[in-house]
Number of protein chains: 2
Amino acid sequence: MLHTEVVVGIRAMLLEGDIPPGARIPERELCERLQISRTPLREALKVLAAEGLVQLLPNRGARAARLTDQDMRALFEVCQGLEALAGELACERISETQLAAIEAAHADMARHHRDRDLARYYRCNRFIHEAIVTAADNPVLNGLYETVTARIRRARYLTPMTEQRWALAMQEHEAILNMLKRRDGFGLAHILRTHLRHKREEVIRAGFAEDEQTTRAAG
Amino acid sequence: MLHTEVVVGIRAMLLEGDIPPGARIPERELCERLQISRTPLREALKVLAAEGLVQLLPNRGARAARLTDQDMRALFEVCQGLEALAGELACERISETQLAAIEAAHADMARHHRDRDLARYYRCNRFIHEAIVTAADNPVLNGLYETVTARIRRARYLTPMTEQRWALAMQEHEAILNMLKRRDGFGLAHILRTHLRHKREEVIRAGFAEDEQTTRAAG
DNA sequence: ACTGACGATTTTGCATTCAAAATTTCCTAA
DNA sequence: TTAGGAAATTTTGAATGCAAAATCGTCAGT
């Protein structure tokens, strides 16, 4: 088992919520589960800590990072910036093939909206946002987008939407597609920022932060 | 010696050029130099690899990352995006104290420009850019800005400037300060993007990339 | 002389081991 | 009965040891 695979494996557990936010990460147990020794596991934890998925307390082990409202705000703001940049660059660089793929995904998404199929809707939604970043053709941007979006993915793609909000999101996506087709980088950046700002407000209103207040409320 | 210190130490060596780009990193030697064993060193190398400062080849050790023109372009583009975002947020959140500090640094910088003292000029320059990011009051943005700018720092703050280009940069900084004072986030984002685009063109024209072509040319 | 392959040496990756720190348990005293 | 503290246990952080892979050096064959 390669080092990268260990990182990927644990990252997946964290993102799937397999290891819940705030939970302690017992080295021993994970070692047995992954059939590796502590050395590579600890290397992986250090990397994940650098990514912000894991919190490392000196002499007191690791815990799955927990997102506060403040973290959520910060992450969404950065995500806005990154997607806006991606939009601008994508308008300069996107190929017809890439654009066609996004257009197809958009059509699917509209259908899923009509069917009120939120899961499939979100899948298309995510594909479109990621395709725009890919079209920006900037590996550094891609990498940062990956790590930032990973941390807010559950909030972003699990939060339920009201009818009204969902309709607005669809409208925004119509605009996104239009701007892309017109290669209007400036306009695309603007609508992407707005779109994400709305999503953030929605997520925070839904109280998706992973504060211990949740625990407190439950206890 | 704490784990973080090892990472910081090696990172410093890489950024200072103490370990030159493309150079192999012999574990044994660094261990002796830092008086630590291989375990913490290897953990640090994995973290630095995640940051992009080190390239890890399976079974073939680590080398200091080397920036191609493509990397340079990608990094500067992302840096533009991050500073533009920082500018917008800073206009909403900057305190009078922070603004005053930037204004003072700007005055110093103008003086160093008149004196043609490039080193001190760059020091003020860097302070101002970092202060804007700090004023954005977004820890995630701050962290990403740190890692991205670290990789291009040498190119950014060592490239010599022509009289003409230097004068233009000063003009741009006048505009930056004005936008900040007027809390014009939109305008600030714009001028920051332009400013950094100019810097990037200058750096790439100066051939600051760390391709092996340099080595080839030398050999 | 040059190419290619074989063995020796070095280097990497990981498991194990050991000391220090933290946590838990249990006992004592108020 | 409960609070405080000491011993035992667990857990962390780092050094060492070992097997596998890669690199280097040498030598045989062309």
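Reminder, nothing fancy here: chain letters follow the sequence lines and each chain counts from 1. Everything quoted here is computed from the prediction, not taken from an experiment.
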* Between B:L56 (CG) and C:dT11 (P), how many Å, whole number? -> 17 Å

* Should the pair B:D117-B:R123 be classified as a salt bridge under the 4.0 Å nitrogen-to-oxygen rule? -> no

* With a cut-off of 6.0 Å (strictly less than), are more than 12 heavy atoms of other residues, nucleotides or ligands near CZ of A:R60? -> no

* Presence of salt bridge, B:E130 and B:R126, under 4.0 angstrom -> yes

* **d(CD, A:E27; P, C:dA22) in whole Å** => 15 Å

* Nearest-Å distance, CG (B:L30) to P (C:dT11)? -> 13 Å

* Inspect the surroundings of CZ in B:R28 and state if more than 12 heavy atoms from other residues, nucleotides or ligands are less than 6.0 Å away. => no

* For DNA chain D, which residues in residues 32-50 of chain A have a heavy atom at a distance below 4.0 Å? -> A:R38, A:R42

* To do: Answer yes or no: are there more than 12 heavy-atom neighbours, outside B:H190 itself, under 6.0 Å from its atom NE2?
  => no

* Over 12 non-hydrogen atoms of neighbours within 6.0 angstrom of CZ in A:R120 -> no

* Between B:E88 and B:R193, is there a side-chain N and carboxylate O pair less than 4.0 Å apart? -> no

* Output, in order, the C-alpha distance, side-chain angles, deciding distance and verdict of ring pair (Phe, Tyr, Trp, His ring centres under 6.0 Å) for A:H129 and A:H195. => CA-CA 11 Å; A:H129 284 276; A:H195 182 59; 5.3 Å; yes

* How would you give the extent of chain B contacts on DNA chain D, as first and last nucleotide 5' to 3' within a 4.0 Å heavy-atom cut-off? -> D:dA14 to D:dT23

* Whole angstrom is fine here: how far is it from CG in A:L57 over to P in C:dA21? => 17 Å

